[in-house]
Protein chains: 2
Amino acid sequence: MPPARGDRDARREDVSEAVWRTLADKGFGGLTLRAVAATMGVSTGMLMHYFPTKHALVVHALDVLEKRTADRPRRDRPAEGLAALRATLLDILPLAPDDTARNRVWVSSWDLALADGDLGADQADRYARMRSAIRPHLEAARRLGELPGSADTDRADTDQLAATVVAFAHGLVVQALFDPERFPPAVQTSMVDGFLRSLTAERPTRAPDA
Amino acid sequence: MPPARGDRDARREDVSEAVWRTLADKGFGGLTLRAVAATMGVSTGMLMHYFPTKHALVVHALDVLEKRTADRPRRDRPAEGLAALRATLLDILPLAPDDTARNRVWVSSWDLALADGDLGADQADRYARMRSAIRPHLEAARRLGELPGSADTDRADTDQLAATVVAFAHGLVVQALFDPERFPPAVQTSMVDGFLRSLTAERPTRAPDA
DNA sequence: AGGTACGTAACGAGCGTTCGGTATGTAAGG
DNA sequence: CCTTACATACCGAACGCTCGTTACGTACCT
């Protein structure tokens, strides 16, 4: 039986913490074994003991990112429909330091993800999941009459709207990260409300063009 | 008087071309002096002759990106107002291979830009310019009655709407880059039209909340 | 004893950068 | 018109550094 001293999982958790801190202030481009080791005050050999290769550590770093995203504290979901969607969006935006760090890491991972096929596919999946999380709120909003279109509106239509909502959110994230002074929490919140208000409105009866 | 043989600027243009090709298939993370040198079949010493340091070459690479963005072929501006805005947005999105390459490079530069203060400020400026390019279209659209609000609508309001439009566009860019199959040109175009249609609509008279 | 958990030290590769050398041109002097 | 002088353009090799990775040694636990 292995000694299982000090608990292997606990150690990996320590590594996760160090990986996260390193990512937060150097980005993925600055994620090196030595940087992580220095952050937690150990040797690179120790890291290799828990992650056989750098690639394994990068993959783990992305897991940490996803876990932190999933487990982050969230504001109360006020209700179904648009109000819930609003809360969801506000939980994504960089309104507090922690959110900023998480989004910064996220954006910084895109360089790697675009260069590596597998990581790119993971990223695409993450977006698909994000849209799936948005969709129910849109459907509820339609049922509640907060959004035009009936409950039996085309599935493709809802997908597309979910993608638009996600696009707005992440596009705002990027701008806010680069220019936090121009996008303080109040502005971001106001933009979310403005965006949601535009969704609420009745559309003209016919589409402008194809 | 300096010899000014072979035209220095022409050489720098050759370097720009090689830098662009390197960026397009390796991203900013893969932008190394040796890679660029290999792409144009010269030595790294030659590169240092035209760019004293790697940082200078990175800055130049961002200039190339901006120049390529500014000089890209664009579809005809059909008119003022929303139609012009629509054309502007379609010119941003990755609808053709060239656009995809340009956007890929753009997104890949964010990792570096977030880690380096100066580059980050440049990026913020680029976004400010992008919003400034959008704003006139919004004002025209308001004058034409295509958008709610009068011509004397708050400047801050227009700024915010411009930021929302840019957010939508770049958020869609990122999703499309990672999942081109789910976001073919037709879907992207349809999303733009849907987004613009939602702007067109009359808003409810009062805001939902703060 | 033997396996686990590290630290230490080193390897080879790749990086940005530096340096010396060799062309190749213009400019000046006889 | 040839020569000398000098700056530019560029190559090839090397330096010093950091990277990921490996090898080896040691302390500890069972």
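Note that the structure is predicted; figures quoted are calculated from it, not measured. In what follows, chains are A, B, ... by sequence order, proteins preceding strands, each numbered from 1.
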Inset, instruction - Decide, yes or no, whether a salt bridge links A:Arg75 with A:Asp91 under the criterion of side-chain N to carboxylate O below 4.0 Å. - result: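 A:Asp91 and A:Arg75: salt-bridged.
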
Legend entry - Centroid-centroid distance, A:Phe195 to A:Phe168, less than 6.0 Å: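 Yes - the distance between ring centres of A:Phe195 and A:Phe168 falls below the 6.0 Å cut-off.
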
Legend entry - Shortest side-chain distance from B:Lys54, nucleotide among D:dC11, D:dT21, C:dG16: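 That would be C:dG16.
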
Legend entry - Options D:dC11, C:dA5, C:dT17, nucleotide nearest the side-chain atoms of B:Ser43: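 Per side-chain heavy atoms of B:Ser43, the pick is D:dC11.
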
Legend entry - Closest-nucleotide ordering on DNA chain C, the 5'-leading residue of B:Leu31 and A:Gly45: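 The residue closer to the strand's 5' end, by nearest nucleotide, is A:Gly45.
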
Inset, instruction - Look at the side chain of B:Arg34 against the base of C:dG16 and say whether a donor-acceptor pair falls under 3.5 Å; ignore hydrogens and angles. - result: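 Such a pair exists between side chain and base.
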
Take the protein atom [atom1] of [X] and the nucleotide atom [atom2] of [N], then report the distance between them rounded to whole Å.
| X | N | atom1 | atom2 | answer |
| --- | --- | --- | --- | --- |
| B:Met46 | C:dA23 | CE | C1' | 15 Å |
| B:Phe51 | D:dA9 | CZ | P | 13 Å |
| B:Leu33 | C:dG14 | CG | C1' | 12 Å |
| B:Tyr50 | C:dG16 | OH | C1' | 20 Å |
| B:Arg12 | D:dC10 | CZ | C1' | 16 Å |
| B:His49 | D:dA9 | NE2 | P | 4 Å |
| A:Met40 | C:dG7 | CE | C1' | 14 Å |
| B:Met48 | C:dT17 | CE | P | 5 Å |

Legend entry - side-chain N/O B:Thr32 vs C:dC15 OP1/OP2, d < 4.0 Å: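 True: B:Thr32 side-chain N/O within range (under 4.0 Å) of C:dC15 OP1/OP2.
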
Legend entry - Distance test, side-chain N/O of B:Arg11 to OP1/OP2 of D:dT8, below 4.0 Å: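 Checking B:Arg11 against D:dT8: no side-chain N or O falls below 4.0 Å of OP1 or OP2.
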
State whether a side-chain donor-acceptor pair under 3.5 Å links [X] with [Y].
| X | Y | answer |
| --- | --- | --- |
| B:Gln175 | A:Arg131 | yes |
| B:Glu139 | B:Thr158 | no |
| A:His170 | A:Tyr127 | yes |

Inset, instruction - Assign B:Thr44 to base, sugar-phosphate, or nothing according to its heavy-atom contacts below 4.0 angstrom with the strands shown. - result: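 Here B:Thr44 touches the bases of the nucleic acid.
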
